[in-house]
Amino acid sequence: MERRVRVRFAPSPTGPLHIGGVRTALYNYIFAKKNGGDFLLRIEDTDQVREVDGAVEKIMQVIRAYGLDWDEGPDKGGPYAPYTQSERLDIYKKHAQQLIDTKKAYYCFCSKERLDQVRAEQISAKKPPMYDQFCRSLSQEEVQTKLTANSSYVIRLVVPNDEDVVFTDLIRGDITIHSTIVDDQVLMKSDGFPTYHLGVVIDDHLMNITHIMRGEEWISSTPKHILLYKAFGWPTPIYAHIPIFLNPDDKGKMSKRKGTVSAQSFLDSGYLPEAMLNFFMILGWSPHDQREIMTLEEYIQE
Ligand code: GLU
């Protein structure tokens, strides 16, 4: 039996929603509708330092203002609630422990000073700055002593030292990245919160997400996620990384410095949400009959 299509939009409340996020949400939304599936909203608020007060409410408001309401989400609930990551800390903890127990992850007690020094040495030796895996070889006893002494720690993934990490992207085709350039990434931070990488993989798996459609700035994170799926022994979802909006001069992601980028600001200037969506629809795609004006419903059918 084919799996029911389930997709998600997973913004972080670190500020106003970028207009590119509306397009990402639109693609996920139409894919769910076209396939009779589910569209989820998940709030990824694991970066407590960068979180902005009131951003969650504003993000939810603006996605709805663009007409892209979700089937499951923080305010609506659903079979996989809660849909806000800061309310799922126990789940991440349990899974991180599972990786420790199976030796797929390890405790790292390195101080910021040590990490800075390693980094500085690598940079001056013209090597890519990466964690030097120092704590990977600590003995059980050493680890236990430090834990008993309440030393601060993070949990890192054991990244295989010599392995091709391969995944297929629906847009880009096969992508191969060698594990030597993948860091022993932090999974759990010292504040007890998971990193984005751990949270996203656990939630996408537990929430039964079938397709991950997100901006292509996340491609470099995907090998880390693939390694995590492997470490858990879970099947990987299907990936599609979509091109992002660039600045007019083609220098990087469309940014505040070059003008308005918040999804709300376009509505505030009087652009109709339907017109904005229509603009996104025919950006990089067009129907065979060259129609230029479409409703969301027509777009879903096409
Ligand atoms: N929380 C990430 C963001 O802010 C989500 C990336 C993803 O879709 O995996 O965009």
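Read the numbers this way: they start at 1 and go in the same order the structure lists the ligands and their atoms.
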Can you pull the ring pair (Phe, Tyr, Trp, His ring centres under 6.0 Å) pairs that have at least one residue in residues 124-144, sequence neighbours excluded?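 Of all non-adjacent pairs touching residues 124-144, none passes ring pair (Phe, Tyr, Trp, His ring centres under 6.0 Å).
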Compute the ring centroids of Tyr27 and His211, then answer whether they are less than 6.0 Å apart. no
Taking atom types as modelled and ignoring hydrogens, do the side chains of Gln133 and Asn161 form a donor-acceptor contact shorter than 3.5 angstrom?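 Checked: Gln133/Asn161 side chains pair up, N/O donor to acceptor below 3.5 Å.
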For ligand 1, list the protein residues that place a heavy atom within a distance below 4.0 Å of one of its atoms, sorted by chain and number.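 Lining ligand 1 at under 4.0 Å, by heavy atoms, one finds Arg8, Ala10, Ser12, Glu44, Tyr196, Val200, Arg214, Trp218.
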Checking Lys33 against Tyr29: charged group under 6.0 Å from the ring centre and within 45 degrees of the axis? yes
Where do Arg42 and Gln85 land on the side-chain contact (heavy atoms from CB on, under 4.5 Å) test, with the steps shown first? CA-CA 8 Å; Arg42 185 173 66 229; Gln85 291 193 321; 3.9 Å; yes
Determine the sole option in Leu227, Leu198, Val182 for which the side-chain contact (heavy atoms from CB on, under 4.5 Å) test with Leu157 is passed. Leu227
